[in-house]
Amino acid sequence: METSAGQVGTVRADDVRTRDRVTALLVEHGPQTASELAARLGVSPAAVRRHLDALAARGRVEERAAPGAQRGRGRPARRFHLTEAGRSGFPHAYDDLALTALRYVAASGGPDAVRAVAEAQLAGLEQRASDAVARSAGAPVDRARALAEALTAEGYAASASAIASGGQLCQHHCPVAHVAAEFPQLCEVETAVIGRLVGTHVQRLATIAHGDGVCTTHIPGPHARAGARAHTDAGNTPGPARPVPGERAARVPRPAPSTSTTRSTPTSDRERTPA
């Protein structure tokens with residue numbers, strides 16, 4: 001018997017709905033056996049186990065031995081637990097909680113207190129990333145590449161590349177973007193952490209928190225800085241003055257034409273001897 005594409009799509013949609021119901025039951029009632037889930041869903045244990053196997057393959061559930069289960073004849077009782085990955089599919093209010101907490105901190109201690117919270121929150125990230133960056137002893141751009149890998153492991157989806165003026169670190173995701181939009185101290189502290197890790201002064205060009213698509217940090221290179229200084233020094237040194245064409249003749253006085261022969265110093269009429 002042939003199955004049409006529409007029937008396949010319906011079957012897959014039904015599977016997705018059933019698996020969503022399985023995870024919802026694990027949230028509502030905690031760890032359960034396949035038989036318990038089957039009874040609540042109104043399907044056979046074999047059918048629910050097929051969905052549990054698919055969820056386990058995706059890392060959303062895991063099977064564990066039931067605590068205190070009696071090991072008699074047959075298979076020991078095992079319960080299915082929802083993993084952190086499985087819980088991530090449900091709504092969270094982490095941003096609202098963080099905003100409420102930081103608003104209270106700001107009202108109590110002002111902007112400096114918010115900055116202190118941001119520094120404490122990023123201290124762990126800096127320590128973890130510093131281990132990866134320490135293995136790269138090259139230029140700041142090389143350390144930025146190592147930092148990008150460490151930030152990606154932290155959920156920032158980061159990348160680094162070399163450009164004409166040095167390097168550029170891009171973070172394509174920001175886990176705290178909604179909070180940082182109200183409290184820019186988080187971005188400021190993060191920028192300082194990046195500068196310390198790459199070993200040079202950096203400049204933030206764009207942030208997701210302020211509506212940009214990517215958090216972009218410019219990392220100046222030593223050649224770019226040296227070239228900029230040389231250019232500045234050369235620009236501050238005045239060169240020889242060049243006359244404007246057509247003005248040299250106007251500035252240089254021309255000798256007046258002579259109308260008589262050169263004479264000695266004239267004397268008065270009294271001193272002239274008559275011929």
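- Hydrophobic clustering (side-chain heavy atoms under 4.5 Å, transitive across Ile, Leu, Val, Met, Phe, Trp, Tyr) groups Leu169 together with Leu122.
- Linking ILVMFWY side-chain heavy atoms closer than 4.5 Å, directly or via other members, places Ile219 and Val189 in a single hydrophobic cluster.
- A continuous path of hydrophobic side-chain contacts links Val27 to Leu55 [ILVMFWY only; heavy atoms under 4.5 Å].
- With contacts defined as side-chain heavy-atom distances shorter than 4.5 Å, the pair Leu25/Gln32 qualifies.
- When all heavy atoms are compared, the tightest approach of Val141 to Gly166 is CG2-O, 3.4 Å.
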Please determine whether side chain to side chain contact (heavy atoms under 4.5 Å, CB included) holds for the pair Leu102 and Leu186, giving the CA-CA distance in whole Å, both sets of side-chain angles, and the decisive distance to 0.1 Å.
CA-CA 11 Å; Leu102 285 180; Leu186 274 71; 4.2 Å; yes
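- For the atom pair Ile208 CD1 and Thr216 OG1, the distance stands at 8.5 Å (nearest 0.5 Å).
- Val48 and Val22 make their closest contact through CG2-CG2, 4.2 Å (heavy atoms, listed as atom of the first residue, atom of the second, distance).
- Minimum interatomic distance between Thr191 and Val202 (heavy atoms only, all atoms of both residues): O-CG2, 3.6 Å.
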Leu125 and Tyr156: CA distance, side-chain angles, deciding distance, side chain to side chain contact (heavy atoms under 4.5 Å, CB included) verdict
CA-CA 11 Å; Leu125 171 65; Tyr156 286 84; 3.8 Å; yes
When you look at Asp15 and Arg50, which way does the side chain to side chain contact (heavy atoms under 4.5 Å, CB included) test go after all the steps?
CA-CA 10 Å; Asp15 287 345; Arg50 179 174 64 86; 3.7 Å; yes
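- For the pair Pro175 and Gly155, the tightest heavy-atom approach, listed with the atom from each and the gap, is CG-O, 4.2 Å.
- With values rounded to the nearest 0.5 angstrom, Cys215 atom SG is found 10.0 Å from His210 atom NE2.
- Hydrophobic cluster membership differs between Val176 and Val193, with clusters built from Ile, Leu, Val, Met, Phe, Trp and Tyr side chains linked at under 4.5 angstrom.
- Looking at heavy atoms from C-beta onward, Leu52 lies in side-chain contact with Leu37 at the 4.5 angstrom threshold.
- Rounding to the nearest 0.5 Å gives a distance of 12.0 Å between OG of Ser35 and CZ of Arg40.
- A salt bridge does not link Arg128 with Glu126: none of the charged nitrogens is closer than 4.0 Å to a carboxylate oxygen.
- In this structure, Ala157 and His172 approach most closely via the heavy-atom pair O-CD2, 2.9 Å.
- The stretch residues 83-103 participates, sequence neighbours left out, in these salt bridge (charged side-chain N to carboxylate O under 4.0 Å, His left out) pairs: Arg103-Glu182.
- Between the OG atom in Ser161 and the CZ atom in Arg145 there is a gap of 7.5 Å [rounded to 0.5 Å].
- Between the CG atom in Asp53 and the CZ atom in Phe80 there is a gap of 6.5 Å [rounded to 0.5 Å].
- At most 12 heavy atoms of other shown residues, nucleotides or ligands fall within 6.0 angstrom of atom CZ in Arg58.
- Between Gln185 and Pro111, some side-chain heavy-atom pair lies under the 4.5 Å cut-off.
- Note that the CZ atom of Arg135 and the CZ atom of Arg143 stand 14.5 Å from one another [nearest 0.5 Å].
- For the side-chain hydrogen bond (donor to acceptor under 3.5 Å, both in side chains) with Thr217, the lone residue among Glu190, Gln203, Arg204 that qualifies is Arg204.
- Within the 4.5 Å cutoff, side-chain heavy atoms of Ser130 are placed close to those of Leu197.
- A 4.5 Å side-chain heavy-atom check between Glu119 and Glu188 finds every atom pair outside the cut-off.
- Residue pairs meeting the side-chain hydrogen bond (donor to acceptor under 3.5 Å, both in side chains) criterion with at least one member in residues 20-29: none, sequence neighbours excluded.
- Within a 6.0 Å sphere centred on NE2 of His218, heavy atoms belonging to other residues, nucleotides or ligands number more than 12.
- Scanning both residues, Leu99 and His178, for their nearest heavy atoms gives CD2-O, 4.3 Å.
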